[in-house]
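Numbers restart at 1 for each chain; the letters A, B, ... are given by sequence-line order, proteins then strands.
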2 protein chains.
Amino acid sequence: MNTLSYGLLALLARKRSSGYDLMLRIQPFWQAKHSQIYPLLSRMEEQQLLTAEWVKQTDKPDKKIYAITPLGEQRLHEWMQMPASEPVTRDELVLKAFCLWITDKDTALALFRKRSIFYQEQIHYFEQAIHKMPDESHQFGSQDFGLYILRQKALGTARSNMEWTTWVIDMLKNAAPPEVSSEPQHH
Amino acid sequence: MNTLSYGLLALLARKRSSGYDLMLRIQPFWQAKHSQIYPLLSRMEEQQLLTAEWVKQTDKPDKKIYAITPLGEQRLHEWMQMPASEPVTRDELVLKAFCLWITDKDTALALFRKRSIFYQEQIHYFEQAIHKMPDESHQFGSQDFGLYILRQKALGTARSNMEWTTWVIDMLKNAAPPEVSSEPQHH
DNA sequence: GGACCCATGTAAAGGGTTACATGATTTC
DNA sequence: GAAATCATGTAACCCTTTACATGGGTCC
């Protein structure tokens, strides 16, 4: 049982779903491809943490609906009693920043402008998602309270990072331009 | 050449270092164990991106100092021209939040209080680190500009997340307590 | 005496991505 | 006609962690 497995259990405790649906719901908070999720669900079914049922569809491909078992619920409760391990972030831009000084202003600006667009899209996505949530999800006790606070977290982080890119871009724009030539200009 | 390799190259472009030192410097921004870094450095030496030299020490174990080659510098420049891929974060607390509603207030509070301490420590670490940096590192063109803006980014994110935990903890504390018993109390 | 820091490495196992494989329906 | 969405699965490869292995010096 790895962390992602518990995440899938957590989503299934809320409502029975297909692997495809779980993938879409977990994506904004934990990147995982279908090729990782489908085998995990199978293994969890073998371990009696889940039950599976095929549901026929006419317009779309048939789907396999998973539901959590009492044993799965028990494991979830046990997991919730343990402290959460520390978050891990991997960001290529961070490593590129280490050697910003070897590059020119325009290359640097291109990197941060692209990232700025990414954060802007994140802000938009989470603002919309939060806006659509009913008021009862803002209360502890609601089944959607967790999702609500997670979206607020993601929005806050995206805004903070967006401000950071703006700040960096401004510094880059105001930086002294490099010497055009090593020789002094005569006229 | 994976992303971590470029990160190590980026640090080595700044100054020649041992694998152990690279590990310590990259840790705050990209989690990687020594068991991953040492073999990577060896492979990069084979590929002529780095040169290695043993330096004898009397009080401490001997160390292997790596330096970037012109070929390594060329690869770094090429990498800087490519857009940075999107950041990936994996946070167990996020998955636990999905099923907050199956648990009680105290369990939830314990999770967020622990995380709050983590963010507080991060804020302290990055504040100190920024405070110690010389003023010239605040300018694009300085070799430490990248490190300076990264620490500002990390500080901003940690503060945003700290505020978030405080907000969640307050909501939890103010939440209606659960019924003590399913039977009405007589007196 | 035990724990921690310095310093390097290998091996095994687990986590995650990319590619391969299929196929109907809908949208541009 | 091409691309995207829905839907599931396997196989190969790469990335990352944990564990094994060594050994001197310092601090409590």
Check: Atom CG of A:L50 to atom P of D:dT8: distance rounded to whole Å?
Finding: 13 Å

Note to self: How long is the straight-line distance from CG of A:L11 back to CZ of A:R16, given to the nearest 0.5 Å?
What the structure shows: 15.0 Å

Checklist line | Which residue lies more 5' along DNA chain C, comparing B:R90 with B:W54 via nearest heavy atoms | finding: B:W54

Notebook entry, point to check: Roughly, in whole Å, what's the span from CG in B:L40 to P in C:dG9?
Noted result: 12 Å

Checklist line | Gap between atoms CZ and C1', on A:R43 and C:dA13 respectively (whole Å) | finding: 12 Å

Margin query: Quick check on contacts: within residues 11-36 of chain B, what sits under 4.0 Å from DNA chain C by heavy-atom distance?
Written below: B:S18, B:G19, B:Y20, B:H34, B:S35

Notebook entry, point to check: To the nearest Å, how far apart are A:L4 CG and C:dT17 C1'?
Noted result: 13 Å

Margin query: Less than 3.5 Å apart, any donor N or O on the side chain of A:T107 or A:D104 sitting next to an acceptor on the other?
Written below: yes

Check: Is B:R159 paired with B:E127 through a side-chain N to carboxylate O contact shorter than 4.0 Å?
Finding: yes

Next item on the list: May I ask you to say whether A:D144 pairs ionically with A:R151, meaning some side-chain N is under 4.0 Å from a carboxylate O?
Entry: no

Next item on the list: Classify the angle between the aromatic ring planes of A:H138 and A:Y148 as parallel (below 30°), tilted (30 to 60°) or perpendicular (above 60°).
Entry: parallel

Checklist line | Separation of atom CD in A:E45 from atom C1' in D:dG9, rounded to whole Å | finding: 14 Å

Check: Any side-chain N or O of A:K64 under 4.0 Å from OP1/OP2 of D:dG9?
Finding: yes

Next item on the list: Using atom CD1 of B:I37 as one end and atom P of D:dC15 as the other, report the distance to the nearest whole Å.
Entry: 14 Å

Next item on the list: Mind calculating the distance between NZ (B:K56) and P (C:dA7) to the nearest angstrom?
Entry: 16 Å

Item checked: Per A:K63 side chain, nearest of listed nucleotides D:dA7, D:dG9, C:dA7 -> D:dA7

Checklist line | Lys/Arg N to Asp/Glu carboxylate O, B:E53 vs B:K63, below 4.0 Å | finding: no

Notebook entry, point to check: Checking A:K96 against B:W79: charged group under 6.0 Å from the ring centre and within 45 degrees of the axis?
Noted result: yes

Item checked: Given DNA chain C, 5'-ward residue of the pair B:P61 and B:V88, judged by closest heavy atom -> B:P61

Checklist line | OP1 or OP2 of D:dT8 under 4.0 Å from side-chain N/O of A:Y38 | finding: yes

Notebook entry, point to check: D:dG23 P sits how many Å from B:Q57 CD, rounded?
Noted result: 18 Å

